[in-house]
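Residue numbers start from 1 in every chain, and the chains themselves are labelled A, B, ... in the order their sequence lines are given, proteins ahead of strands. Just so it is clear, the structure is predicted and the values come from calculations on it, not from any experiment.
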Amino acid sequence: MSETLEIRWHGRGGQGTVTAAKVFADACLSGGRHVQAFPEYGPERSGAPLRAYNRVSSKELRMHCPVLKPNIVVVVDATLLDAIDVTEGSPDNAIFIVNSSKDPKEIREKLKAKPSQKVFTVDATKIAIENIGRPLPNSPMVGVLSKVSAIVSLDSILEDVKKSFGKKFSQKIIDGNIEAVKRGYEEVREG
Amino acid sequence: MPKIVAVTGNEAVAEALRQVNPDVCAAYPITPQTDMMQRFASFANNGKVKTEMILVESEHSAMSACVGASAAGGRVITATSSQGLALMWEVLFIASGLRLPIVMPLVNRALSAPLNIHGDHSDGMGARDCGWIQLWSENGQEAYDNAIQAFRIAEHMDIRLPVMTCLDGFIISHSIERIEYLDDDAVKNFVGEYKQLNPLLNIDKPVSYGPLILPDYYMEYRRAQAEVMTKVNKVVRDVAKDFEKISGRKYGLFETYRLDDAEVGIVILNSAAGTTKDAIDALRDKGIKAGLLKPRLFRPFPYEEVGEALKHLKAICVLDRADAFGASYGPLFMEIATSLYSHKDKPILFNKIYGLGGRDYLPDHAELVLNELAEVAKTGKVKTFKEYIGVRE
């Protein structure tokens, strides 16, 4: 990991993207790390494209502005690939994680990713429907991110999901989300 | 043991207020302050604090209720943003004129029209001369720390004035960052018990608040109020020293960053200071000797100390996140110009207006300004003394 890891999330309103960024930040706190998680606030409408950001660093994070050169880009809704340029500002060693049932190679072509950039896919919506009963792909995406970023263990992510969801939801929903995170972690494919 | 958490600025300030456990809170919701007061109202509702919540129909009423409760003898809080502060305006002067140590976090937001809910300093700057003490905060940690220190400053026997603690709307209020919380007991002991000097509810010693004072004494009253302001500076520093003992975090009247050996400098408030510090590091590597001064105590403004800290520079750019229409320069610029006025050899000063209504302030903006500063220091010539940056012309 370079000194500061910067992540940009692309999702649509109502998919839990902002919550995912928060859960990830919280899980990264361990080991004395500094973290940031913040959404880009526009008109908040269900289904509208939104961005959220994370920064994780061993140093104090002083920068208070959007992430412009993301090390990792997480695309929670693949329909956004036709609507916006998710590769904007991404450096040559950037990593893309896309929620899609498609083969990662196909997504790589669609993104026009450089050979030095990595592309991962996971069918997070399917995992969510099977485990949570609703198309909320944020939990599997957090699982994938924990694996791909390799800066936080699956266990601390799971702990955090329990903590974040525990206050608001039933045990059934929490268990479903835990399973969804695990499956995201396991089922991610690189291409 | 301090607790390390990842929370928003609003959440951190609400936590500080819970730890202080004030007697009365009168508040009205307004974005981006809303979730701070919503969290605090939950604390009150769930018995986490003993605070009596007064839910009012407007900010004018919120501040009026605060004035009443504070005069009665309580430790009193509220919080607001933007239009809310504007609606309080009349009562802000009453709170300070009556010497009531009300504490109010202000989540800075742009003013209408046009309607905008995002981070901007126009609200706080509009209230700069209302007799309140103002502390400004770069991030969630500072917002939390300032909220706690505000009670000690406000309630100090030499002061007894209201304090507003400013944090940037959304950029800080709604962003999650790593924050260290103090122990409940540490905060409780730090702020101590509050005793109102002249409580209205003490029937053994009747007092009057807010009587009519005609030309025969009004001016003496105002003169006394001006005198109190001169004592704030020392109290802020003393409280900061005590706060360092319990937190390990240092605070002063302002923060300087790589300023001592700098040739050029930026003066900037709140969250944009952090982004600027990173840009300064980047340009220092390229040989530009730049530094930064970030005011913390904005009212009363520590003119003498700020002037001393800046006088050695060749050129300074003051960045304002608010404009003062018709005043030629932004409000922070005017304070910095005043700070340097009495010095014989002054740095060259110029002013940029940035980030209005939540417009992003990016490292590129800071770097442009720093490069321009280096050029001005070299040539002694300024192209434009005031201009907007990050704007479509």
Mind listing the side-chain donor-acceptor pairs of residues 356-369 of chain B below 3.5 Å, one per line with the distance, residues two or more places apart or on another chain?
unit_1	atom_1	unit_2	atom_2	d
R359(B)	NH1	G390(B)	O	2.7
Y361(B)	OH	T276(B)	OG1	2.9
H365(B)	ND1	L362(B)	N	3.0

Please output the side-chain donor-acceptor pairs of residues 159-166 of chain A that fall under 3.5 Å, not counting sequence neighbours, one pair per line with the distance.
unit_1	atom_1	unit_2	atom_2	d
K163(A)	NZ	D26(A)	OD2	3.2
S164(A)	OG	D160(A)	O	2.8

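Within the 4.5 Å cutoff, side-chain heavy atoms of E88(A) are placed close to those of R8(A). Looking at E142(B) and Y251(B), their side chains come closer than 4.5 Å, going by heavy atoms from C-beta outward.
D260(B) CG: 12 or fewer foreign heavy atoms inside a 6.0 Å radius.
Contact of I172(B) with chain A is made through the side chain alone, with heavy-atom distances under 4.5 Å. Neither the backbone nor the side chain of V7(B) comes within contact range of chain A; no heavy atom of the residue lies under 4.5 Å from a heavy atom of that chain. Only the backbone of L61(A) comes within contact range of chain B, with at least one heavy atom under 4.5 Å from a heavy atom of that chain.
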Do N270(B) and E138(B) pass the side chain to side chain donor-acceptor pair (under 3.5 Å) test, and can you show the C-alpha distance, the side-chain angles, and the key distance before you say yes or no? CA-CA 4 Å; N270(B) 278 18; E138(B) 179 177 327; over 6 Å; no
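Partners of F120(A) according to the ring pair (Phe, Tyr, Trp, His ring centres under 6.0 Å) rule, which considers only residues two or more places apart in sequence or in another chain, do not exist here.
Taking the six-membered ring for Trp and thresholds of 30 and 60 degrees, Y144(B) and Y181(B) have ring planes inclined between 30 and 60 degrees apart. Between Y53(A) and F38(A), the ring planes are tilted. Angles from 30° to 60° get that label.
Close approach to chain A, defined as a heavy atom under 4.5 Å from one of its heavy atoms, is seen in no residue of residues 108-115 of chain B.
Highest contact tally toward chain B, considering only H64(A), E60(A), M63(A), R55(A), is held by H64(A) [criterion: heavy-atom pairs under 4.5 Å]. Contacts with chain B were tallied for H34(A), Q36(A), K22(A); H34(A) has the most, counting heavy-atom pairs under 4.5 Å. Ranked by heavy-atom pairs under 4.5 Å with chain B, the list G32(A), A21(A), A37(A) is led by A37(A).
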